[in-house]
There are 2 protein chains.
Amino acid sequence: MTLVKEWKLPKEDLQRAGLQRGVGVALWRQIADGIRAGLANDLADETGRLPPESELALSFGVNRHTVRAAISALAHEGVLHSVQGRGTFVRRRKRLVYPIGARTRFSAGFDGQARDRQSELLDHGQEPASSQVAEALGLGTGEDVLRLETLGKADGMPISRATSWFSATRFPTIVETYRETKSITASLALLGVNDYLRASTGVEARHADEADTNELQLSPGAIVLVTRALNVDPDGAPIQFSFTRFPADRVELVIDTMRAGE
Amino acid sequence: MTLVKEWKLPKEDLQRAGLQRGVGVALWRQIADGIRAGLANDLADETGRLPPESELALSFGVNRHTVRAAISALAHEGVLHSVQGRGTFVRRRKRLVYPIGARTRFSAGFDGQARDRQSELLDHGQEPASSQVAEALGLGTGEDVLRLETLGKADGMPISRATSWFSATRFPTIVETYRETKSITASLALLGVNDYLRASTGVEARHADEADTNELQLSPGAIVLVTRALNVDPDGAPIQFSFTRFPADRVELVIDTMRAGE
DNA sequence: CCGAATTTGTTCGTATGTATC
DNA sequence: AGATACATACGAACAAATTCG
């Protein structure tokens with residue numbers, strides 16, 4: 001027996017609205033996601049007001065109770081906001097833009113988009129380089145590297161979670177300098193690297209795992225954008241290899257391609 | 001009289017595994033996502049074999065049935081593959097790399113990574129520009145634009161779904177030329193644009209909606225990477241504005257930052 | 001080749017959550 | 001609000017295929 005069965009055809013209304021029963025996601029959650037997506041288009045009017053619940057129920061082809069469950073979840077997430085007698089409204093918060101280019105500086109990434117930015121050292125350690133890290137940094141497998149785990153916040157909300165590796169022989173005190181300066185760029189400058197460039201950036205997207213969920217304050221099923229970046233000094237020698245996780249609903253990456261090499 | 005056994009929720013186990021009940025996403029789907037994420041690490045051994053269902057159930061803190069539902073879903077997606085008496089195995093398929101830079105050409109994107117590449121025109125139409133499209137292409141809101149919906153395949157598997165807009169006055173016959181050449185680059189060349197550059201690329205990630213699910217052959221809960229791109233001619237005049245959706249488990253974006261401007 | 005251990009596949013039953021009417 | 005049906009999850013078997021000593 002298959003637990004994911006072939007169910008009876010759902011009502012045409014559900015199909016039309018793109019909803020499905022028995023796929024492991026409750027209708028109200030699918031509708032919540034649908035409303036969230038709709039906000040990017042023209043679901044809400046100029047004043048940020050959504051259509052009445054009865055109308056939404058009709059267009060999604062479900063009972064009004066189901067729409068209410070979806071709205072309640074979104075209200076709990078801080079996306080919507082209902083007022084009895086008036087309607088349901090969007091609480092708009094812009095997605096932060098993280099620019100990527102040869103001059104990408106982590107510390108400057110979200111400049112001017114949030115009142116308050118913080119960086120936090122969560123963990124660090126010295127360890128033999130994995131094959132991936134060794135290859136990226138041009139070291140032998142098993143040579144020692146220093147690992148830094150950092151959390152970035154904007155206005156108190158976690159927006160990035162980075163794991164970075166540095167050669168332990170070239171930057172033996174990077175942990176201490178980072179603790180003082182709270183900045184990779186400043187730390188590298190103290191250690192004699194006055195300039196560096198972003199050589200390449202890989203971008204993937206995946207579901208948040210447990211660590212992401214905890215550290216970035218996400219709900220299960222949330223999506224993280226993962227960048228895999230290599231920074232090199234002006235001579236082209238690898239300096240820093242890092243993975244950074246961004247909550248996909250709070251952050252957008254922008255590659256200014258034509259100026260990327262400047 | 002029958003004693004009704006009361007099963008206590010092993011809440012601690014669930015929390016340890018990062019699962020939650022009652023959030024509108026079934027446990028089996030959360031576990032499916034967990035397994036998918038685990039494959040990137042060391043969930044499967046060298047031979048691609050996963051731990052037995054009973055062991056997974058223990059580590060996730062759920063019943064074996066629940067793990068089976070998750071595995072069944074992943075098997076249906078083509079990620080896993082179970083054999084009675086032997087175990088459950090990973091069906092490994094490399095993720096395609098889509099490079100992004102100033103010289104990004106859609107047609108050349110996946111060159112050399114697949115034996116067979118196809119492009120398909122799904123739909124097209126003429127319509128007044130939305131405010132977003134108008135702003136990107138430097139047109140007045142409501143000026144007519146031509147919209148092309150295309151599907152990209154590699155070895156028969158859908159890998160991209162693009163919606164592109166062009167000025168209807170500057171490129172009135174773009175649909176016909178595309179139908180002939182099956183290539184945006186070639187179409188533009190026929191219409192007098194011998195060269196163009198990728199000005200900027202925005203990257204977001206979100207859950208697949210119904211259209212994505214159908215057209216890209218995804219399962220619900222799957223993730224799509226969405227790029228928002230603007231191409232300009234050598235004079236800097238906007239030519240093409242497009243949204244492209246990539247299945248996140250089949251495609252990875254790579255920005256070769258230092259050569260991006262070449 | 002035999003038989004035991006391992007692992008996936010199947011079928012009961014029961015309880016709880018979700019959605020409709 | 002209550003009745004009904006479907007969906008999710010747990011528990012305890014047992015069957016069938018594979019592996020291995």
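Here is the naming used below: chain letters follow the sequence lines, and residue numbers restart at 1 for every chain. All values below come from the heavy atoms of this structure, side chains included, with hydrogens, waters and symmetry mates left out.
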*Of the nucleotides C:dT8, D:dA12, C:dA19, which one has an atom closest to the side chain of B:Gln84?*
C:dT8
*Gap between atoms NE2 and P, on B:His81 and D:dT18 respectively (whole Å)*: 11 Å
*In whole angstrom, what separates A:Arg68's CZ from C:dT18's P?*
16 Å
_Option from A:Arg161, A:His207, A:Arg206 for which side-chain hydrogen bond (donor to acceptor under 3.5 Å, both in side chains) with A:Asp212 holds_ = A:Arg206
_Rounded at 0.5 Å granularity, tell me how far CG in B:Leu50 sits from CG in B:Asp45._
8.5 Å
*Earlier contact from the 5' end, DNA chain D, for B:Arg86 and B:Val67*: B:Val67
*Please state how far atom CZ in B:Phe89 lies from atom C1' in D:dT19, giving the value in whole angstrom units.*
11 Å
*Could you tell me whether the side chain of B:Arg95 and the main chain of B:Ala248 form a donor-acceptor pair under 3.5 Å?*
yes
*Candidate nucleotides C:dT20, C:dT7, D:dT8, ranked by approach to the side chain of B:Ala26 - the nearest*: D:dT8
*For the side chain of A:Trp28, counting heavy atoms from C-beta on, which of C:dA19, D:dA17, D:dA9 is nearest?*
C:dA19
*When you get a sec, tell me which of D:dC10, C:dA19, C:dG9 is the closest nucleotide to the side chain of B:Arg64?*
C:dG9
*For the side chain of B:Thr88, counting heavy atoms from C-beta on, which of D:dT18, C:dT7, C:dT8 is nearest?*
C:dT8
*asked:* Whether the side chain of B:His65 and the base of C:dT10 hold a donor-acceptor pair under 3.5 Å is what I'd like checked.
replied: no
*If we only count heavy atoms from C-beta on, is the A:Thr227 to B:Ile255 side-chain gap below 4.5 Å?*
no
_What is the separation between atom CZ on B:Arg29 and atom C1' on C:dG17, rounded to the nearest whole Å?_
18 Å
*In whole angstrom, give the distance that lies between atom CG of A:Asn63 and atom P of D:dT4.*
18 Å
*Distance, rounded to the nearest Å, where B:Glu55 contributes CD and C:dT6 contributes P*: 12 Å
*Quick one: sort the B:Trp165 and B:Phe243 rings into parallel, tilted or perpendicular, breaks at 30° and 60°.*
perpendicular
*Atom-pair distance (CZ on B:Arg49; P on C:dT8), nearest Å*: 6 Å
*Choose from C:dG9, C:dT20, D:dC10 the nucleotide whose nearest atom is closest to any side-chain atom of B:Leu27.*
D:dC10
*Between D:dT19, C:dT20, C:dT8, which nucleotide gets closest to the side-chain atoms of A:Val62?*
C:dT20
